[in-house]
Amino acid sequence: MSRAGIVLVGLGETALTAHLPALLRHPAVRVAGLVDPIDRRRVLAQERVRAPAFGDVTPFLDDPSVDGFILATPPWVTPALLDRLVRSGRCVLTGQVLATTSRAARPLSALPTEFRSRVQTGLAYRHDPALAVLRDWITRGKLGESLLVRVHVYGELRDRADPKHTERIEAALVHGMPVLHEGSHVFDWLSYLFDGGPRTVEDTWAFPTRSGLAQPNVCGARLVYPKGTVVLAEFGWLASAFPHAELSVVGDRGHARLDTGSFVLDLITADGAERVEFEPDHRTRCFDLQLERFVELITGVRAEPTPDLADGLAALALSERIANLARGLMG
Ligand SMILES: NC(=O)c1ccc[n+]([C@@H]2O[C@H](COP(=O)([O-])OP(=O)(O)OC[C@H]3O[C@@H](n4cnc5c(N)ncnc54)[C@H](O)[C@@H]3O)[C@@H](O)[C@H]2O)c1
């Protein structure tokens, strides 16, 4: 069978450091095109792969050699692009944040089923096998019945040596607090681990660690999931140093700890300690597995996308709800 022709749209950090290497590693994929309005980004991508590049997706819409699109665009431009691309009849892999608000994502919710079934949401880290192991421990009661989850996702440090990075993250902050960007991943993991979303959002908070920021850069929430599982979630960007980022589950029988940077998983119970590690590194394996599932969707091996549009919209709605509640509390 001929290789699947995929166009990469949005040639920023994620595209060049994660999507493009995964595309080049996959034996059944051909990079059919590159799109970014910024000339420099197209040049950088073309240094890595020989493929036609344009500032807009239009030339690829009627190209019969294109089987799918990967969108690595900012969430504020994704909804309109996604709507346009999926209506061209191709499969689309999106970024993990579909939009900056559920309102902006509304046209996606209204997509007819035939189009929705071609959209895979880019919640890349859902594919990590460590998460399946943790889910198995939870489901089999290895940690106990009543569980407390602490999930701390801190990152995007303010690095004096990298002012461009700070500028990019401060610009993202204009469009939403860290929970809006990082929460999509976290709430997707939690709904996978606990078979559904939270029953209640008990409380929320937010504060800026410095003045002059567009929005608070640290925020959190306390949620109750099915079976009474309590989740304490914290998100933060743009300080010079932060606590370690991890997801830990504590119960009567033990403690499991997932390092959310490496996805190394540790378990401590009365029977002893156990460590679970997978190869290659977390980001590489997740983007490879994500792409593999996307190729299966394109070729018809997989009937339904995983995660699907509904998963992405649910994660966005919860992240947005927490951001809005936290902002309200600030007065
Ligand atoms: N799946 C993941 O784990 C993961 C991780 C990080 C980021 N992301 C997602 O990837 C996306 C990009 O993030 P990033 O950090 O690479 O951002 P970035 O700002 O580095 O890159 C975005 C690129 O999109 C381009 N762009 C803007 N409008 C466009 C348009 N209309 N058509 C084509 N290109 C356009 C920009 O010029 C820029 O080069 C976001 O949706 C982000 O949420 C996903």
Side-chain angles (χ1 to χ4, degrees), residues 7-23 33-46 48 52-61 69-85 92-101 104-105 108 119-128 131 153 155-156 162 164-189 235 237 245 260-261 263 281-291 293-294 306-307 311-312 315-316 319-320:
V7 175
L8 187 53
V9 183
L11 304 170
E13 198 60 26
T14 309
L16 296 195
T17 62
H19 285 302
L20 190 54
L23 287 165
L34 302 161
V35 180
D36 200 294
I38 300 175
D39 298 350
R40 174 86 191 126
R41 301 309 300 182
R42 297 198 300 276
V43 169
L44 281 174
Q46 283 187 309
R48 293 163 169 83
F54 297 100
D56 178 79
V57 294
T58 308
F60 295 112
L61 292 179
F69 293 93
I70 293 181
L71 272 181
T73 44
W76 45 99
V77 307
T78 297
L81 261 176
L82 173 54
D83 188 78
R84 197 170 164 214
L85 295 178
V92 183
L93 170 62
T94 69
Q96 90 272 25
V97 187
L98 292 167
T100 50
T101 60
L108 303 177
V119 180
Q120 179 177 329
T121 304
L123 292 156
Y125 306 132
R126 155 93 77 103
H127 303 285
D128 200 300
L131 217 53
V153 176
E156 311 294 0
D162 191 355
K164 282 226 164 312
H165 174 257
T166 300
E167 204 178 288
R168 197 162 64 83
I169 303 305
E170 284 190 344
L173 202 57
V174 173
H175 294 275
M177 287 195 279
V179 63
L180 198 74
H181 303 268
E182 312 287 359
S184 286
H185 282 305
V186 170
F187 297 125
D188 182 59
W189 303 339
F235 305 88
W237 279 350
T260 57
F263 266 51
D281 68 276
H282 164 59
R283 200 165 190 234
T284 301
R285 65 183 183 251
C286 286
F287 275 81
D288 282 354
L289 283 166
Q290 168 174 264
L291 179 60
R293 286 174 187 172
F294 186 53
T306 309
D311 291 324
L316 169 65
S319 307
E320 182 185 21

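For the single chain, residues carry numbers from 1 onward in sequence order. Order of appearance sets the numbers: ligands from 1, and atoms from 1 within every ligand.
- For the pair H127/R285, no side-chain contact is recorded, criterion being any heavy-atom separation below 4.5 Å from C-beta on.
- For the atom pair CG of L131 and CG of D188, the computed distance is 8.5 Å after rounding to the nearest 0.5 Å.
- The distance from ligand 1 to the heavy atoms of F287 drops below 4.0 Å at these ligand atoms: 1 (N), 2 (C), 3 (O).
- Salt-bridge check for R42 with D39: passed, with a basic side-chain N closer than 4.0 Å to an acidic carboxylate O.
- Of the N or O atoms in G122, one or more lie within a sub-3.5 Å distance of an N or O in ligand 1.
- Closest to atom 3 (O) of ligand 1 by heavy atom, among H165, Q96, H185, is H185.
- When all heavy atoms are compared, the tightest approach of F187 to A315 is CD1-O, 4.5 Å.
- With ligand atoms numbered from 1 in the order given, ligand 1 contributes 28 (N) to contacts under 4.0 Å with heavy atoms of V77.
- Between G183 and S319 the shortest heavy-atom distance is C-OG, 3.4 Å.
- Of the candidates L98, T14, T78, the one placing a heavy atom closest to atom 7 (C) of ligand 1 is T14.
- Ranking protein heavy atoms by distance to atom 31 (N) of ligand 1, first place goes to L81 CD1, 3.8 Å.
- Side-chain atoms of R126 and T121 include no donor-acceptor pair closer than 3.5 Å.
- Counting protein heavy atoms only, atom 12 (C) of ligand 1 is closest to A72 O, 3.3 Å.
- The residue among G10, A45, G12 with a heavy atom at the shortest distance from atom 18 (P) of ligand 1 is G12.
- Scanning all protein heavy atoms for the shortest distance to atom 25 (C) of ligand 1 gives D36 OD2, 3.1 Å.
- Near Y125, the atoms of ligand 1 lying under 4.0 angstrom from a non-hydrogen atom of the residue are 3 (O).
- Summarising the contacts of atom 27 (C) of ligand 1 with P74, A15, A18, G55, the nearest heavy atom is found in P74.
- Atom numbering of ligand 1 starts at 1 in the shown order; those under 4.0 Å from a heavy atom of I38 are 37 (O).
- Looking at R168, R42, Q290, it is R168 that brings a heavy atom closest to atom 19 (O) of ligand 1.
- Between the side chain of R41 and the backbone N or O of P37 there is no donor-acceptor pair closer than 3.5 Å.
- Annotation: the span from L11 atom CG to I38 atom CD1 amounts to 9.5 Å, rounded to 0.5 Å.
- Across every non-hydrogen atom of F294 and V92, the tightest pair is CE1-C, 3.5 Å.
- Near V9, meaning under 4.0 Å from any of its heavy atoms, are these atoms of ligand 1: 33 (C).
- Atom 20 (O) of ligand 1 has its closest protein heavy atom at E13 N, 3.0 Å.
- Of all the heavy atoms of T73, the ones lying under 4.0 Å from any atom of ligand 1 are found in both the backbone and the side chain.
- Residue-ligand proximity, R41 to ligand 1, at heavy-atom distances under 4.0 Å covers atoms 39 (O).
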**Request:** Applying side chain to side chain contact (heavy atoms under 4.5 Å, CB included), run through Q290 and Q120 and close with a yes or a no.
**Result:** CA-CA 9 Å; Q290 168 174 264; Q120 179 177 329; 3.7 Å; yes
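- For residues 171-183, the pairs satisfying side-chain hydrogen bond (donor to acceptor under 3.5 Å, both in side chains) are E182-W237, with sequence neighbours left out.
- Closest protein heavy atom to atom 29 (C) of ligand 1: P37 CD, 3.7 Å.
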